[in-house]
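Accompanying notes for the structure given below.
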Amino acid sequence: MTAVDFSRDFLALSVAKGVLRFGEFKTKAGRLSPYFFNSALFDDGMSFGRLCGYYAEAILASGIVFDTLFGPAYKGIPLVAGTAIRLAERGRNLPFCFNRKEAKDHGEGGTLVGAPLTGKVLILDDVISAGTSVRESVEIIHAQGAQPAGAVIALDRMERGTDARSAVQEVRERFGIPVVAVATLLDLIDYLGSNSDLMRYREAVQAYQRQWGVTDAN
């Protein structure tokens, strides 16, 4: 499956599940966006399993070298487990780990669950907005003597944050790691242009991209 294929299939699934909707939505930054993405609505076994499959395809296509998968609480927890399963089905059996929000003071204790964080660690999350989750993940990884290898997210909105950079660009520059998205805003615009049922939303998304978007995903 090519990058174009899994990005397009991911967007189609997102629309079918109501994860990706079109209309007028106010963002946290107070902007009026013509689309809204809510990954929490991948809420059944079939759709979530397919989502993790797209993460696996994006990881394999990226060529990032890593040893361990890490999922930050809370949305990263099911993502990292599901993606590890999908990668194993594709011949890459890898250890995974996630964190608790609060330390456990009995049993195995601590804040980490799963395999030890060693070597190069790939972070899995749903989106990057303010970059807080990635920053906390990087701190956890460094505290274990490991190194962050990159981050993988579902959708890169390619939207400016507090300056001319997007949140994804800020993360790349601040931590010096690659960020891979299953799909980007440019993928979404292309998808809308190829779908007769959704083509009517393309102009509004393009206008939003011209107003608030960054020039590229790098």
Side-chain angles (χ1 to χ4, degrees), residues 1-27 31-64 69 71 75-92 122 124-129 150-159 166-168 178-210 212-214 216-218:
M1 184 180 292
T2 68
V4 172
D5 288 336
F6 68 69
S7 295
R8 189 177 297 266
D9 290 350
F10 161 72
L11 291 169
L13 175 64
S14 298
V15 171
K17 277 292 294 178
V19 170
L20 182 59
R21 293 183 288 149
F22 301 94
E24 189 173 86
F25 309 91
K26 181 171 284 191
T27 68
R31 301 168 182 171
L32 291 179
S33 172
Y35 70 98
F36 181 72
F37 181 81
N38 180 10
S39 66
L41 296 178
F42 288 115
D43 56 5
D44 60 77
M46 184 191 72
S47 67
F48 190 75
R50 288 176 62 186
L51 171 66
C52 293
Y54 299 139
Y55 268 76
E57 294 293 344
I59 290 168
L60 295 173
S62 74
I64 295 175
L69 296 163
K75 288 185 178 179
I77 294 175
L79 275 174
V80 75
T83 302
I85 293 170
R86 291 305 193 188
L87 283 169
E89 292 171 349
R90 290 159 172 78
R92 290 288 306 278
L122 189 62
L124 272 60
D125 213 342
D126 63 335
V127 294
I128 292 177
S129 50
V152 186
I153 58 173
L155 180 67
D156 179 1
R157 292 179 61 96
M158 298 177 63
E159 186 174 326
S166 71
V168 165
V179 179
V180 173
V182 177
T184 68
L185 178 59
L186 295 181
D187 293 322
L188 174 57
I189 290 171
D190 287 343
Y191 174 70
L192 294 176
S194 67
N195 188 305
S196 59
D197 294 329
L198 301 174
M199 194 175 295
R200 65 186 184 275
Y201 300 115
R202 189 170 189 254
E203 184 176 341
V205 175
Q206 285 180 308
Y208 188 79
Q209 195 272 339
R210 287 192 296 269
W212 299 111
V214 293
D216 58 57
N218 299 316

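Keep in mind it's a predicted model, so treat the numbers as computed, not measured.
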Answer whether the closest heavy-atom distance between the side chains of V180 and I64 falls below 4.5 Å.
-> yes
Would the number of heavy atoms belonging to other residues, nucleotides or ligands and lying under 6.0 Å from CD of E89 be above 12?
-> yes
Would you indicate whether the side-chain heavy atoms of R8 and S194 approach each other to under 4.5 Å?
-> yes
Specify the closest pair of heavy atoms between C52 and L79, including all atoms of both residues, with the distance to one decimal.
-> SG-O, 4.1 Å
Do D44 and K17 sit within salt-bridge range, that is, some charged N less than 4.0 Å from a carboxylate O?
-> yes
Between I153 and V182, does a side-chain contact (heavy atoms from CB on, under 4.5 Å) hold up when you go through it step by step?
-> CA-CA 6 Å; I153 58 173; V182 177; over 6 Å; no
In short, T27 meets S33 closest at the heavy-atom pair CG2-CB, 3.7 Å
side-chain contact (heavy atoms from CB on, under 4.5 Å) between Y208 and V205: does it pass, once the steps are laid out?
-> CA-CA 5 Å; Y208 188 79; V205 175; 5.6 Å; no
So, S39 and D126: side-chain donor and acceptor under 3.5 Å apart, yes or no?
-> yes
Over all atoms of both residues, closest heavy-atom pair of L185 and M158 = N-SD, 3.8 Å
Which heavy atom of L13 sits nearest a heavy atom of S47, and at what distance?
-> CD2-O, 3.7 Å
Does L87 reach the side chain of L69, with side-chain heavy atoms less than 4.5 Å apart?
-> yes
Check: V80 main-chain N/O paired with T83 side-chain donor or acceptor under 3.5 Å = no
N-O pairing of E159 and R31 below 4.0 Å = yes
When rounded to the nearest 0.5 Å, the distance separating OG1 of T184 from CG of D190 is 8.0 Å
Side-chain touch L32/K26, heavy atoms, less than 4.5 angstrom | yes
What are the two closest heavy atoms between F10 and A183, and how far apart are they?
-> CD2-CB, 3.7 Å
Given side-chain contact (heavy atoms from CB on, under 4.5 Å), test L124 with L122 step by step and report yes or no.
-> CA-CA 7 Å; L124 272 60; L122 189 62; 4.1 Å; yes
What's the shortest heavy-atom distance between R90 and L60, and which atoms?
-> CD-CD1, 3.8 Å
Say whether, by atom type as modelled, one donor and one acceptor occur between the side chain of D9 and the main chain of F6 under 3.5 angstrom.
-> no
Are S7 and Y54 close enough that some pair of their side-chain heavy atoms sits under 4.5 Å apart?
-> no
Are F37 and V19 close enough that some pair of their side-chain heavy atoms sits under 4.5 Å apart?
-> yes
Under 3.5 Å: donor-acceptor pair, side chain of Y55, backbone of A154 | yes
Between I189 and Y191, does a side-chain contact (heavy atoms from CB on, under 4.5 Å) hold up when you go through it step by step?
-> CA-CA 5 Å; I189 290 171; Y191 174 70; over 6 Å; no
Do the side chain of R86 and the main chain of G49 share a donor and acceptor less than 3.5 angstrom apart?
-> yes
Is NZ or CZ of R157 both nearer than 6.0 Å to the six-membered ring centre of Y35 and within 45° of the ring axis?
-> yes
Roughly how far, to the nearest 0.5 Å, is CG of N195 from CZ of R202?
-> 11.5 Å
Does any non-hydrogen side-chain atom of P78 lie less than 4.5 Å from one of F48?
-> yes
Close side-chain approach of F22 to L20, heavy-atom, < 4.5 Å = yes
